[in-house]
Visitor: 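Could you have a look at this structure, given as structure tokens, before my questions?
Order of the sequence lines sets the chain letters (A, B, ...), proteins ahead of strands, with each chain counted from 1.
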Amino acid sequence: MEEIKKIARELLAENKVQVVLGFEKGTANKVRPAFFTKAEDIDKLIYNEACIHNIALYLKKDTCQHAKGVAITATPNVVRSILQLSAENQITEEKIHIIGITHEGKCAGILDFKAAEEFSKTQPKGLKPEDKALIEKIQAMSLEERFDYWVEAFSPCIKCYACRASCPMCYCGKCNVETNNPQWIPVASHKYGNVEWHMMRAMHLAGRCINCGECNRSCPVDIPLNILSYMLSDFVLDEFDSEAGLNSVFTSALSAYTVVDKENFIK
Amino acid sequence: MARIGVFICHCGENISATVDCPKVSEVAAKFPGVAYSVDYKYMCSDPGQSLVVNAIKEHKLTGIVVSACSPRMHEPTFRRACAEAGLNPYLCEMANIREHCSWVHEKGDRTDQKAIDVVRMMVEKVKRNNALMSIKVPVTKTALVIGGGVAGIQAALDIANAGHKVVMVEREPSIGGHMSQLSETFPTLDCSQCILTPRMVEVAQNPNITLYTYAEVESVEGFVGNFNVKIRKKAKSIDETLCNGCGMCTTKCPQKKIPNEFELGMGNRPAIYVPFPQAVPNVPVIDRLNCTYYKNGKCKICEKFCQPKAIRFDQEDEIIEVAVGAISICTGFDVKKTDFFPEYGYGKHKDIIDGLQFERMASASGPTLGAIRRPSDGAEPKKIVFVACAGSRDPAKGIEYCSKICCMYTAKHAILYKHKVHDGTAYIFYMDIRAAGKNYDEFTRRAIEEDNAQYIRGRVSSIYERDGKLIVIGTDTLMNHETVEIEADMVVLATAGVANQGAEELAQKLHVSYDQHRFFSEAHPKLKPVETNTAGIYLAGACQSPKDIPESVAAASGVAGKISCLFSSSELTREPLIAFVDRIAAPDYSSCTGCFLCQPVCPYNAIEKEDIKDRAGNLIKSLAYINPGLCQGCGTCVAICKSKSIDIDGYTNQQMYSEVDALLNS
Amino acid sequence: MEIINKILDKSSLTVLVEKLNASGKEVYAPVNKKGITEFEKVANLQEMDFDCIATKQSAKSLVFPKVEKLMNFEKTFDDVIVKNVDITAFPEVIAFGTRPCDAAGFIPLDAIFTTDNVDEIFKARMDKLTIISISCKKADDFCFCTSVNGGPGNTSGSDILLTEMSPNEYYAEIITEKGKSILDANAALFKDSAVVDKTPLVAKIEQQFTEEVINEKLKTLFESDIWDTQAMRCVGCGACAFVCPACGCFDIQDETKGKDGVRHRCWDSCGFKLFTLHTSGHNPREKQAQRWRQRIYHKFSYQPEQQKQFGCVGCGRCSRACPSDMNIAEHLTQIAKG
Amino acid sequence: MSEFQPKIVAFVCNWCTYAGADLTGTSRIKYSPNVRIVRFPCTGRIDYMLLTKAFASGADGIIVSGCHPNDCHYTSGNFYARRRWIVFKKLCDFMGIDTRRIVFSWVSAAEGSKWADIVNTTNEEIIKLGPYDSYHKLSTQDILE
Amino acid sequence: MKLGFYPGCSLEGASREYNESVQAVAEKLGIELVSIPDWNCCGATAAHNLDKELSLSLPARNLALAEEAGLTELVVPCAACYSRFTVTQHELLHDNAMHKKVNEIIGKEYKGTLRILNVIQFIEEYIIDKLEDNMKFEINKKVACYYGCLLVRPNKILNFDRTEDPQTMDVVMKKLGADSIDWAFKTECCGAGFSVSFTEAVGRLSGKIIEDASHRGAEALVVACPMCHSNLDMRRPAMDKYNGKKIDTPVIYITQAIGLALGIDRKKLGLNRHFVPVKLDNFKPYVKKEVVVENTQIMEEI
């Protein structure tokens, strides 16, 4: 922890960065994302295992966009998001100083993108056991049960779009759900509108989701959204050997193909 | 408010026998937005078209649906009718109720209902059609011909003679290509160089042709009509403007033992050389890898003897930029070398040569002055074995295809051999004799009947050397698959014709596709045999697949015709059914977020990066931009775009969505 | 109406809920489903979660559902036929076990829908709603009702307020005519009572700021950069607005299927970029900070000015739901102190 | 239910399957009239959201068809489409959307009879499965009820 | 150093001298070869014609046993055994269903972690570098290296040497000081499959091999396969009959050649067991070569 603070302090003091993106203490026993612009404020910077928010999200927000240099305390999920954002031309390496934090909470020092790629490869990833169990449970259902399950699971959705807002990969200026003429997805949060919205979002994240679980965490009504995009990412990895968040240059499973892509359903 | 006209065609009885056309017309008249609906016997006939034109004028129609045959049949007809009536031609849609309805279904309510649905869906679509203007692209009337073999020469001359400028780039010091290496040509046995060299000279003298030899294409940018090409002119170490081609330098060069590429290693050349006596241009180049001066820093003998003082040891590669409107790839092919064949000794037996080497040997200007001699000891071979399909049609060798020219040149080789070695015997192992072509089969018959070539149908499993002879072990499939063993003096392998070295890199520079054998791919194997998928880039000759001389020349003339068509007007008109990225007001400029996940899916490299900058020149945003000159309108980018920032005219999101919506909600 | 004081024991409460149900009214109460407590239709009191400090979402959807059908329509060849919603068919609804803050939330919500123009659908639903609240015994770090003129035993908004006196006994304050009609219909269940001091019975919630100070400060803060600082970590979702009992912003959407269509009213949030985006591409609230400022000003300046009350009841739902811990009370305190 | 005539939408590319269906017509091969064809320039253009839209609009079955691999008029649109369908099918299966009702196929401009076969077998299959009530209900309950 | 070792039936029977020479050389150079405990038949010749599962299960059991014994590399001198083992490993690692099935059949978990070495790979990796320090003699003879079929085919699976005109044995023999000739019969069929049933065919096929080698002046054939060896050595009468002349060029194992160079006792190498007497002797004593730095810069005279 002290090492992280030391690095952050130095970066600010040397004016290499104008803002350090990290965490501070929040309400009650919560933690929350914080922006540090002065070296003396770094005392308030914290990192503990509650700091699971994917703060890579803020790299696309005004505060970071306007700064010449940004440092970010980056857990493996954040690092993967950064790499994927870079792969999708959303951020550039020059201004981002990644202060790596391993899955065990140890400081991994400053990572350039090359080092971040290595870091990303070596850090464990995967789904929480309960999510995995849920995927298996759903897969074991009959077709009708699966359909009913999801319609029911989505029905509490109020379309507050917290899932979208907290997802670093949902950076579109204008989301598909906001496209009208044609109105691809009903705005109303009725059952149909909810199913279409979440289906579209899962498709858009296929092969791009780094599986941080942020969508699920921020959902005020606790919909297990993350398993949708995770299931697809996992599938894409299996089928096309393509994984998001490992590479800082272009990679996207659906913007690529091989002549020998396997399927067993096209007649 | 839309005012759509619906025109239901009976197509004689083709449609009306199955579909109740008046009923369809009646129902269509009640669709929201339909201002006029009519049915008629032959909509494509003159009176039918007049009906359309008059209705557009009279009812002030804002779009029409012609419900008739397939749009692949008559869409242009009715678009013209729209234009005649003063309606934008792209405000016309066709509902296919013939091929997709009356011809494939039985008469009945469900068939009528289908026709009605199809019309409804097209009405909903056409309501959302945009008036489009065809795209005009300026054309630079200069062609680039890459490769100076017979195909390149033919293409360049034809284009130049049509009055257009041509820039020709040849990798070697001289143009001429493989044809200049050949002895005689089948099926006429006329001397290859005798017919080629006048054409080479013509290229050099044609005022419309700029020739760069010892040069390669460095990069290509742009699109049809507007390519920018960088050419690397490698340093010849000679001032071409001063050299008078006297040849003194080449005779005085002390380095004489460099294997001559033109003779395929069967002769030697000096370090400063012209590849062959009839070379065009007749300007030597210094082979810097082998030149004593470049190796050791001392020599410069050529410089001493050069009267016009044309030697330039410090010459550097030069990059030349040219603007061209079309490109013809004529880079030719190569043949597999004998070292490709493990079963024939990995090229270690000197007396096993390939067909091209035999050509040089048989050529009067070749290393043996036309005499057939064993490379190992110079003896005249009395028994010679020709192996056809050496590598070709052999999946185990990774070459599944037929190299096409080998059957003919092998027959020619057997004939030439017999003409030169009267008491010799030629054996030919073959899989099939493929002699399709004018006077071709007659030619192979001649080899068999007049020149007594011994054709054995079977393949050769191995060749080994024993006591100075080559033991050829093969099988005769027409003689009960018996093993045949021939003690030969010499073996000629008709090795497979393969893509030229560097074909892949060139294809990538030009953004054209190539097949698994690295041959360039044509746009359509039948109907667009000389076009590539990239508009404005064409293919001629053996760079596409092995071809003989007449085929190469025909393709080259075809390319020249295509390019002359392209150059016939100063502007190029293209269908405007292409993709575009949306633009909105600042501060967003576009809903495009610049992820560029669309970029790799474009087969035409039409998606470019467009930087939006403020007045001070600071980058605000990078957006995708679709180059209308390159886009061919497949729409794959549209479906890839997550923020729906890309759309495609003719098949917009609105149109497709409405079609689906209308189709089902009857 | 003067408040009538009664006492109700727990078993009577159970009977009351059953009777209300039996009388054809729909009773909604906090129900814990898979760890989340929300207002759900209940048949009896056993289903209810008494311990919950505040449901995740407010009770506003009883009168302002997330999707409200406003009308049906049908396109014909040259006309549109409109079929209005039958507002007389709305059910009688009892909101049971709401907290005083929930009940108070209906006041600013009602003001939004009935000031100047009266929204018939909203009004019809509101008229058929009876609110039986229960005072708060517990509060958490997010509660700040006492700073916005409310309190754990506050009666405003409720028709009946129950306060737990002992595990088996509730002090019932009958506040409105609607409340009285329930009392009248079930008089046998209620025992008479004197006025009870609720203070020892309810949670202690410290006041963090006052209306006056906030009002005063906001007069000069519009152009302040405090909004930038506060909104920095805001991710721009609409969770705060959607769980808020007092947020009434909505979006009108038409959906069609063939010639048939429906007009919906859906929740919307001033936190969304799209909320104020003009067709031209111009957006008067381009930055998230401006949207955050709008949220604060609307609730603490415009609504007090126009409707004489805060657009906030201090329930703390927005802060609990926020994925990035934007704590509104903390921010307001900062404004008050700053 | 024997009277059930399914609604089938076919999303086809212009160059192969649309032309193939034209050939079915010129060859006068009969097939079920329950299909409605929507023409696209390329399978690469076909948005997966149009598929769910079609179900929502009342389709009981969907056919998606284009050029065989390597035959794409635009060289590679069908390859991207294939990947998209592979992923989309996986998602549909996981979400309980009945992918038996979505038939993907490659029909070339020369395969007129294959087109008729595809339509007929799809038609029969959908008749067996019956109307796609669950999705239709989902998509209309908030509009029509 | 400890390596796994699979002798197989030949090396315990007809080709004992092969085993003896492998062991003698290994012992001399301090390499410990550990036989797989309880090994069984590799299934060569018969099994793969009859039953695929059997043909894969037999080698798989041996491989699994070797894995269980904690071995990571396995030396398999017999070319037939080597072929079966390698093919099995390849097939099972590329066919999950079959892998599972075979695991069930053998009642063991075969992981596929083992590296399988044929005798030449074994020499290349563990012996060739030690030769210089241990060689007593140079095999200053003209020899013909004969590879046969199983050592190099199928190339896709074995990925060892080149199918036509292989070179690895020649490299080893050159290292031993021999003049390894270039000839055409390195991989021609010796007729081993007919060794018992149709000796005439063996006479013709092997006869051609031996004739060409002796014609080119080879003083010995060098082999690395017990089948090749027994054919070429034992069926000499049939060959002589085919060739119409008596050829007494001996056939030795490559390990025997190494043994000779290392100065191992001829009997220990089993050289006494051959049908065709191995008369090779008068080897040149080996002198370790000084490393000469050549100055190759030659200025050409002008």
Visitor: Only heavy atoms, only distances under 4.5 angstrom. Which residues in residues 239-249 of chain C are near chain A?
Guide: C:A239, C:F242

Visitor: If you check every heavy atom in residues 314-327 of chain C against those of chain A, which residues fall under 4.5 Å?
Guide: C:S319, C:R320, C:A321, C:C322, C:P323, C:S324, C:D325, C:N327

Visitor: Grab the two heavy atoms, one from A:A162 and one from C:C237, that are nearest each other, plus how far apart they are.
Guide: CA-CB, 3.3 Å

Visitor: If I take atom CG from residue C:L277 and atom CD from residue A:E178, how far apart are they, to the nearest 0.5 angstrom?
Guide: 8.5 Å

Visitor: Within a radius of less than 6.0 Å around CD of A:E130, do more than 12 heavy atoms belonging to other residues, nucleotides or ligands occur?
Guide: yes

Visitor: Could you name the residues of residues 53-62 of chain C that have a heavy atom within less than 4.5 Å of a heavy atom in chain A?
Guide: C:K56, C:Q57

Visitor: Nearest 0.5 Å please: distance from the CZ atom of C:F272 over to the NZ atom of A:K159.
Guide: 10.5 Å

Visitor: Under 4.5 Å between any side-chain heavy atoms of A:F35 and C:T229, yes or no?
Guide: no

Visitor: Given heavy-atom pairs under 4.5 angstrom as the criterion, report whether the side chain, backbone, both or neither of A:T63 touches chain C.
Guide: side chain

Visitor: Looking at A:I158, A:V221, A:I55, which one has more heavy-atom pairs under 4.5 Å with chain C than the rest?
Guide: A:I158

Visitor: Mind checking whether A:Y58 and C:R233 have side chains closer than 4.5 Å, heavy atoms only?
Guide: yes

Visitor: How about NZ on A:K125, more than 12 heavy atoms from neighbouring residues, nucleotides or ligands closer than 6.0 Å, or not?
Guide: yes

Visitor: Count the heavy-atom pairs under 4.5 Å between each of A:A28, A:P33, A:S218 and chain C, then report the option with the highest count.
Guide: A:P33

Visitor: Can you give me every donor-acceptor pair (side chain of residues 68-77 of chain A, partner residue at least two apart or in another chain, under 3.5 Å) with its distance?
Guide:
residue	atom	partner	partner atom	Å
A:T73	OG1	A:L21	O	3.4

Visitor: For C:K273, is it the side chain, the backbone, both, or neither that has a heavy atom closer than 4.5 Å to a heavy atom of chain A?
Guide: side chain

Visitor: Does atom CD (A:E40) have a neighbourhood of more than 12 heavy atoms from anything else shown, all under 6.0 Å?
Guide: yes

Visitor: Counting C-beta onward and ignoring hydrogens, is there a side-chain heavy-atom pair between C:E330 and A:T27 closer than 4.5 Å?
Guide: yes

Visitor: Please say whether more than 12 non-hydrogen atoms of neighbouring residues, nucleotides or ligands are located less than 6.0 Å from NZ in A:K16.
Guide: no

Visitor: With only heavy atoms counted, which part of A:L57 is less than 4.5 Å from chain C, the side chain, the backbone, both or neither?
Guide: side chain

Visitor: Of all the heavy-atom pairs spanning A:S189 and C:V67, show the shortest one and how long it is.
Guide: N-CG2, 3.4 Å

Visitor: For A:D62, is it the side chain, the backbone, both or neither that has a heavy atom under 4.5 Å from a heavy atom of chain C?
Guide: side chain

Visitor: Mind checking the CG-CG spacing from A:N180 to C:L274? Nearest 0.5 Å is all I need.
Guide: 8.0 Å

Visitor: If I measure from the heavy atoms of chain C, does A:C170 come under 4.5 Å with its side chain, its backbone, both, or neither?
Guide: neither

Visitor: Please state whether the side chain, the backbone, both or neither of C:E38 comes within less than 4.5 Å of a heavy atom of chain A.
Guide: side chain

Visitor: Can you say whether C:D140 sits under 4.5 Å from chain A via the side chain, the backbone, both, or neither, judging by heavy atoms?
Guide: neither

Visitor: Checking A:Y161 side chain against C:G238 main chain: does a donor-acceptor pair fall under 3.5 Å?
Guide: no

Visitor: Is A:K137 atom NZ crowded by more than 12 heavy atoms from other residues, nucleotides or ligands, each under 6.0 Å away?
Guide: no

Visitor: For residues C:M232 and A:K61, determine if any side-chain heavy atom of one lies less than 4.5 Å from a side-chain heavy atom of the other.
Guide: no

Visitor: Would you mind checking which part of A:E214 comes under 4.5 Å of any heavy atom in chain C, side chain (CB onward), backbone (N, CA, C, O), both or neither?
Guide: neither

Visitor: To the nearest 0.5 Å, what is the distance between SG (A:C219) and CD1 (C:I36)?
Guide: 7.5 Å

